[in-house]
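Reviewing the structure listed below.
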Number of protein chains: 2
Amino acid sequence: MDQPAPYHQGNLREALILAGMDLLTEGGVAGLTLRRAAARAGVSHAAPAHHFNGLPGLLTAIASRAFQHFSAAMDAARDAAGPDPFARLNGICSGYLNFAQDHAGFFHLMFVSAEVDRADPDLRQASSTAYLILRGACLPFAARGATEDEPLEVGVWSLVHGYALLGFNLPNGQNRRFNTLPAFTDLLARLIADGPKP
Amino acid sequence: MDQPAPYHQGNLREALILAGMDLLTEGGVAGLTLRRAAARAGVSHAAPAHHFNGLPGLLTAIASRAFQHFSAAMDAARDAAGPDPFARLNGICSGYLNFAQDHAGFFHLMFVSAEVDRADPDLRQASSTAYLILRGACLPFAARGATEDEPLEVGVWSLVHGYALLGFNLPNGQNRRFNTLPAFTDLLARLIADGPKP
DNA sequence: GAATAATGTTGACAGTGTCAAGATAACGGG
DNA sequence: CCCGTTATCTTGACACTGTCAACATTATTC
């Protein structure tokens, strides 16, 4: 006979995270709700409180997961770009921009939402990993670009981050398409300017 | 005798916008609520519906107002920077960064919030004005920086926008202070690279 | 001055996050 | 094996939100 289906979830925390990610993908940030995630996981509305510190806790957990996907996307784009240092950095940026475009909900949680706990250790670990990927690709150019207190990677990060966000809410109201990756590459080349250090 | 105090507000729409801006400044985006703005304007909770298209309408109106302040701040910073084209562009960027730091709530409404109606004519007018200010300061450098389909101003805008946002939510979790304006200037100089066209 | 429009109020509704109290399941020590 | 303890989940409530409909009041216009 079947074992009686367990009254409790096997791993409700995980189920809630996955349900929340689905909701986020389907309905954007507004579509992700503690009660809806609970319902989708087949559980009552107050169950999540035992696994997360309220809504911010769930959002933070999802943001950590999103950062892991983000890192994986940048890694893959870099590795597909071949050996040239600039091509690798540009590949990472294209992974960045594509992720921002294709997973706007995740991106919002990762970088924008004020409801995620930026001090959470898991989140810091995940975001730090992503940061190091970009930093690593900047290293070949660091000698020429570094200021005393503001390394080049901050400039690259700012450029790609701003470019991604303005893609969503362009101040003149016309969201542009992201067929402009070559154009971004030009901007990146201007910022890097001097090429890899000899 | 006094005229009897009007039962209706003299200009409730304006009063609601000002109350909303106060709430936004005091309590951030989470502190701004239709009902609270109505209460602060001394009016019942459903009154705003006659002046705005719901909460998005109020947020959109506030975003327009915020863009006007934003433009004024950039104008002032540019005019205080003297005649040199790079100094003027850099002044605008410093106005941009200072505004983002000092008015995070406005900035969020202007560029981030999904509840703002980006198609609103007033908002488009106000944001377009701001855009033209930055564009104008980029013009002296445009000949060298322009790509066919991606003008230099988009690069400058991306850089300063990303730099501003990463100042709030740095991916490694440590929000840096904005005493780094000189460092940003270095980045901007790298992007401009060739100097004003001869 | 009376009809009409603009402006506000009241009350209700569904939805949200959160909390307290109790029910149920799993686990561990005797 | 059984009982107490703990973790997990449910139920019910609360305050708060945006929005709507019905009604009251004021201003405007003919």
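All chains are named by letter (A, B, ...) in the order of the sequence lines, taking the proteins before the strands, and each is independently numbered beginning at 1. Note that the coordinates shown come from a computational prediction; the quantities given were computed from them, not determined experimentally. Side chains are part of it too, since the values below use all heavy atoms of this structure and drop only hydrogens, waters and symmetry mates.
- By the side-chain hydrogen bond (donor to acceptor under 3.5 Å, both in side chains) test, Thr185(A) pairs with Asn90(A), sequence neighbours left out.
- The list of salt bridge (charged side-chain N to carboxylate O under 4.0 Å, His left out) pairs with a residue in residues 83-96 of chain B, not counting sequence neighbours, is empty.
- With sequence neighbours excluded, no residue forms a side-chain hydrogen bond (donor to acceptor under 3.5 Å, both in side chains) with Gln68(B).
- A donor and an acceptor atom never sit less than 3.5 Å apart when one is taken from the side chain of His45(B) and the other from the base of dG8(C).
- To the nearest angstrom, C1' of dT26(D) lies 16 Å from CG of Asn11(B).
- Going from atom CG of Leu16(A) over to atom C1' of dC9(D) covers 12 Å, rounded to whole Å.
- The two residues Ala183(B) and Tyr163(B) come nearest to each other via the heavy atoms CB-OH, 4.2 Å.
- Taking the C1' atoms of five terminal pairs at each end of the helix from dG1(C)-dC30(D) to dG30(C)-dC1(D), the two resulting helix axes are inclined by 10°, rounded to 10°.
- For residues 44-54 of chain B, no pair satisfies salt bridge (charged side-chain N to carboxylate O under 4.0 Å, His left out), with sequence neighbours left out.
- Going from atom CG of Leu12(A) over to atom P of dA26(C) covers 14 Å, rounded to whole Å.
- Nucleotide dT8(D) holds its P atom 15 Å from the CD atom of Glu14(A), rounded to whole Å.
- Ring centers of His161(B) and Phe107(B): under 6.0 Å apart, within the cut-off.
- Residue pairs meeting the salt bridge (charged side-chain N to carboxylate O under 4.0 Å, His left out) criterion with at least one partner in residues 29-48 of chain A, sequence neighbours excluded, are Glu26(A)-Arg40(A).
- Residues of residues 30-43 of chain B having a heavy atom closer than 4.0 Å to DNA chain D, listed by number: Thr33(B), Leu34(B), Arg35(B), Arg36(B).
- When the side-chain contact (heavy atoms from CB on, under 4.5 Å) test is applied to Asp75(B), the partners found at least two apart in sequence or on another chain are Arg78(B), Ile133(B).
- Note: CD (Glu115(A)) to C1' (dT17(D)) measures 13 Å, nearest angstrom.
- In this view, Glu14(B) and Arg65(B) satisfy the side-chain hydrogen bond (donor to acceptor under 3.5 Å, both in side chains) rule, not counting sequence neighbours.
- Residues satisfying the ring-ring contact (aromatic ring centres under 6.0 Å, His included) test with Phe52(A), not counting sequence neighbours, are none.
- Using a 4.0 Å cut-off on heavy atoms, the residues of residues 46-58 of chain A that approach DNA chain D are Ala46(A), Ala47(A), His50(A), His51(A), listed by number.
- Residues that satisfy the ring-ring contact (aromatic ring centres under 6.0 Å, His included) test with His51(B), not counting sequence neighbours, are absent from this structure.
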